[in-house]
Amino acid sequence: MTTPKTCLNYINGQWLPAKSGATLESRNPADWRQLVATFPRSEAVDVDAAVEAARNAYRQWRLVPAPARAGYIYRVAELLIQHKEELAQLMSREMGKAIAEARGDVQEGIDCALYYAGEGRRLFGQTTPSEMPNKFAMTVRMPIGVCALITPWNFPVAIPCWKALPALVCGNTIILKPAGDTPACASFLIQIFHDAGFPEGVVNLVHGFGSEVGKALTEHPDIDLVSFTGSSQTGAEIGSTCGRTHKRVCLELGGKNAQIVMDDADLELALEGAVWGAFGTTGQRCTATSRLLLHRDIKDKFTSMLVERTAKLRLGAGIDPNTNVGPLVNVAQLQRVSGYLEVAHFEKAKVLIGGKIANIGDLKYGFFFEPTILDNVTPDMRVAREEIFGPVVSLIEVNSFEEAIKILNDTPYGLSSSIYTGDVNRAFQAMRDIEAGITYINGPTIGAEVHLPFGGVKQTGNGHREAGTAALDVFSEWKSVYVDFSGRLQRAQIDNH
Ligand code: NAD
């Protein structure tokens with residue numbers, strides 16, 4: 001067993017305990033007897049210190065040329081590459097993800113760092129003709145100030161990187177508030193930022209509860225922007241606080257993603273996609289496939305293929321390379337998923353496989369739930385409408401392409417979506433008619449790449465996108481600059497008409 005880590009806050013370049021000295025614990029969800037780390041239970045007073053440090057650092061950091069800011073980010077990429085395996089193993093122990101997926105999570109951080117390091121030499125604005133003679137017009141990106149980054153546990157490296165790196169290249173300073181289930185991953189990541197040599201106060205980390213640290217950050221008058229990824233419920237609360245306190249806010253929330261399998265689909269391919277989309281990361285992805293919309297002509301055949309394949313998935317600790325499906329992250333998640341199985345029974349869905357807590361042998365020390373397929377699900381059922389965030393997929397029969405699109409869209413969310421079809425016309429219609437931020441054709445609902453925008457429509461967010469150049473629009477303001485070199489007053493819309 002590995003020695004537990006003692007995680008600390010990182011404020012103004014110093015590793016510090018909470019001012020109160022209080023601590024919390026992070027335990028291995030595959031075996032709760034193993035303590036992974038202790039970390040500070042911070043409060044508003046710790047947040048105040050971090051905000052002050054970030055505010056002071058901002059004065060200088062915004063003036064550092066963007067290519068030089070990007071140099072630190074490039075160093076983050078190098079260090080993440082160097083520590084990829086160590087960090088992936090820590091992640092797998094701390095939040096349960098299968099080791100291959102944990103490596104993928106770190107790789108996403110690396111890709112992101114390489115991408116935004118390159119962005120330091122772009123950050124393009126526009127030049128455009130003025131309507132007046134001897135006048136020059138252009139737009140430039142301005143940093144926003146001090147950014148609070150509040151993140152969930154399911155992608156403990158990738159999501160903080162998606163936020164921190166575009167924020168930093170744009171010239172902002174940051175305070176990361178990671179989820180209480182992944183403090184050790186967050187501390188490891190911030191140690192990498194420290195080693196990359198960022199000036200004191202540019203990068204800060206405050207651990208603790210959302211209701212204490214997260215809330216204090218959101219309400220703090222000296223925070224300019226909150227970037228949040230997490231549940232829709234918390235997002236609504238943060239959105240309203242930020243509205244009240246006039247902060248810029250970017251919300252990336254839940255999903256209820258569907259994969260359509262048409263009668264002309266390659267069923268083997270669709271099966272691979274469905275299994276990966278539904279049970280990858282134990283279903284704990286915002287883009288997880290939680291509904292399979294199956295054309296009636298292939299439903300029986302596809303269902304039996306899916307059940308057979310699901311039966312072969314191996315549950316176990318993520319760190320074991322033979323594991324396909326790791327544990328849920330904590331006991332609350334286990335109770336939540338179990339609760340949805342009660343709902344499924346009440347709603348008369350049929351459990352084809354799984355449906356129970358798995359607690360045989362060594363699994364009894366972890367938060368394991370059997371990969372579960374629910375049949376006879378109709379679009380109005382709660383299991384078809386609410387985010388379960390676990391290894392549970394609902395099968396819904398559809399009679400036509402049009403009905404599949406209608407049901408896919410009939411949810412309050414709109415994050416990811418997928419259709420398997422051999423018909424190019426249907427593929428293009430689906431691209432046009434699906435209401436979601438992301439659509440995959442002949443691919444599963446999961447698998448975003450860092451240079452494309454990531455986010456959703458409807459209650460999945462508030463119109464922003466992460467990743468790619470879209471993230472620059474979150475972390476910078478446009479300024480329009482006019483340079484009049486005529487040497488006289490020129491009145492727009494008046495003197496030239
Ligand atoms: P959560 O909302 O419980 O917590 C997310 C973060 O918010 C944590 O750091 C938490 O401590 C903090 N927090 C909690 N209450 C707060 C408050 N009142 N004020 C400020 N901060 C607060 O979510 P979770 O359980 O960690 O993550 C799972 C959810 O995240 C799922 O709904 C999933 O769909 C969503 N998610 C969305 C995306 C996306 O990009 N759309 C990506 C990953 C996860």
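Positions are given from 1 along the sequence. Side chains are part of it too, since the values below use all heavy atoms of this structure and drop only hydrogens, waters and symmetry mates. Read the numbers this way: they start at 1 and go in the same order the structure lists the ligands and their atoms. The model shown is predicted, which means the values in this text are computed figures rather than measured ones.
Side-chain contact check for Asp224 versus Arg55: some heavy-atom pair is nearer than 4.5 Å. Taking 4.5 Å as the limit, some side-chain heavy atom of Cys161 sits within range of a side-chain heavy atom of Leu189. The shortest distance between side-chain heavy atoms of Arg382 and Tyr340 falls below 4.5 Å.
Below 3.5 Å of separation, one finds no N or O of Ser211 facing any N or O of ligand 1. For ligand 1, the polar-atom distance check finds an N/O of Trp153 within less than 3.5 Å of one of the ligand's N/O atoms. For Thr460, no nitrogen or oxygen atom sits less than 3.5 Å from a nitrogen or oxygen atom of ligand 1, counting backbone and side chain alike. At least one N or O atom of Leu253 sits closer than 3.5 Å to an N or O atom of ligand 1.
At a 4.0 Å heavy-atom cut-off, ligand 1 does not touch Val213 at all. If you look at Thr229 next to ligand 1, the close heavy atoms, those under 4.0 Å, come from the backbone and the side chain alike. Of the heavy atoms in Asn154, only side-chain atoms (C-beta onward) come closer than 4.0 Å to ligand 1. Within the 4.0 Å heavy-atom criterion, the part of Glu387 lying near ligand 1 is the side chain and not the backbone. The part of Phe454 lying near ligand 1 is the side chain, judged by heavy-atom distances below 4.0 Å.
The closest protein non-hydrogen atom to atom 27 (O) of ligand 1 is Pro152 CB, 3.4 Å. Of all protein heavy atoms, the one closest to atom 15 (N) of ligand 1 is Thr234 CG2, 3.3 Å. Of the protein's non-hydrogen atoms, Phe228 CE1, 3.2 Å is the one closest to atom 7 (O) of ligand 1. The single protein non-hydrogen atom nearest to atom 6 (C) of ligand 1 is Thr151 O, 3.5 Å, given as residue, atom name and distance.
Between Glu94 and Arg27 there is no salt bridge, since no side-chain nitrogen of the basic residue lies less than 4.0 Å from a carboxylate oxygen of the acidic one. A salt bridge between Glu477 and Arg248 is present, with a side-chain N of the basic residue lying under 4.0 Å from a carboxylate O of the acidic one. Using a 4.0 Å cut-off between charged nitrogen and carboxylate oxygen, Asp410 and Arg385 count as a salt-bridge pair. At a threshold of 4.0 Å, the pair Lys256-Glu387 does not count as salt-bridged, since none of the basic side-chain nitrogens sits closer than that to a carboxylate oxygen. Using a cut-off of 4.0 Å between Lys/Arg side-chain N and Asp/Glu carboxylate O, Lys19 and Glu43 are scored as not salt-bridged.
Near Pro178, meaning under 4.0 Å from one of its heavy atoms, ligand 1 places the atoms 9 (O). Near Lys215, meaning under 4.0 Å from any of its heavy atoms, are these atoms of ligand 1: 19 (N), 20 (C). Shown in contact with Ile150 at under 4.0 Å from a heavy atom are these atoms of ligand 1, numbered in order with element: 6 (C), 7 (O), 9 (O), 12 (C), 21 (N). For ligand 1, the atoms sitting less than 4.0 Å from at least one non-hydrogen atom of Glu237 are 18 (N), numbered in the order shown with element in parentheses. Shown in contact with Ile159 at under 4.0 Å from a heavy atom are these atoms of ligand 1, numbered in order with element: 42 (C), 43 (C). Near Gly254, with a cut-off below 4.0 Å to any heavy atom, the atoms of ligand 1 are 34 (O). Of all atoms in ligand 1, listed by their number and element, those nearer than 4.0 Å to a heavy atom of Gly214 are 19 (N), 20 (C), 21 (N).
There is a protein heavy atom less than 4.0 angstrom from atom 11 (O) of ligand 1.
Between Ala179 and ligand 1 there is a heavy-atom distance shorter than 4.0 Å.
In this structure, Gln459 contributes its side chain and Tyr413 its backbone to no donor-acceptor pair below 3.5 Å. Side-chain atoms of Trp32 come within 3.5 Å of backbone atoms of Tyr365 as a donor-acceptor pair (strictly under, hydrogens ignored).
A cation-pi contact, defined as under 6.0 Å to the ring centre and within 45° of the axis, is absent between Arg285 and Trp153. A cation-pi arrangement is present between Lys97 and Phe155, with the terminal nitrogen or guanidinium carbon under 6.0 Å from the aromatic centre and inside a 45° cone about the axis.
Gln233 and Glu237 form no side-chain donor-acceptor contact under 3.5 Å, judged by distance and modelled atom types alone. The closest side-chain donor-acceptor pair between Thr289 and Thr445 falls under 3.5 angstrom.
Among Cys286, Gly235, Ser416, the residue whose heavy atom sits closest to atom 39 (C) of ligand 1 is Cys286. Here atom 23 (O) of ligand 1 lies nearest to Ser231 when heavy atoms of Ser231, Gly255, Gly455 are compared. Nearest to atom 28 (C) of ligand 1 by heavy atom, out of Phe155, Phe389, Tyr413, is Phe389. In this structure, of Gly180, Gly230, Gly210, the residue bringing a heavy atom nearest to atom 19 (N) of ligand 1 is Gly210.
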ring-ring contact (aromatic ring centres under 6.0 Å, His included) between Phe198 and Trp61, intermediate numbers included
CA-CA 9 Å; Phe198 282 92; Trp61 181 246; 5.7 Å; yes
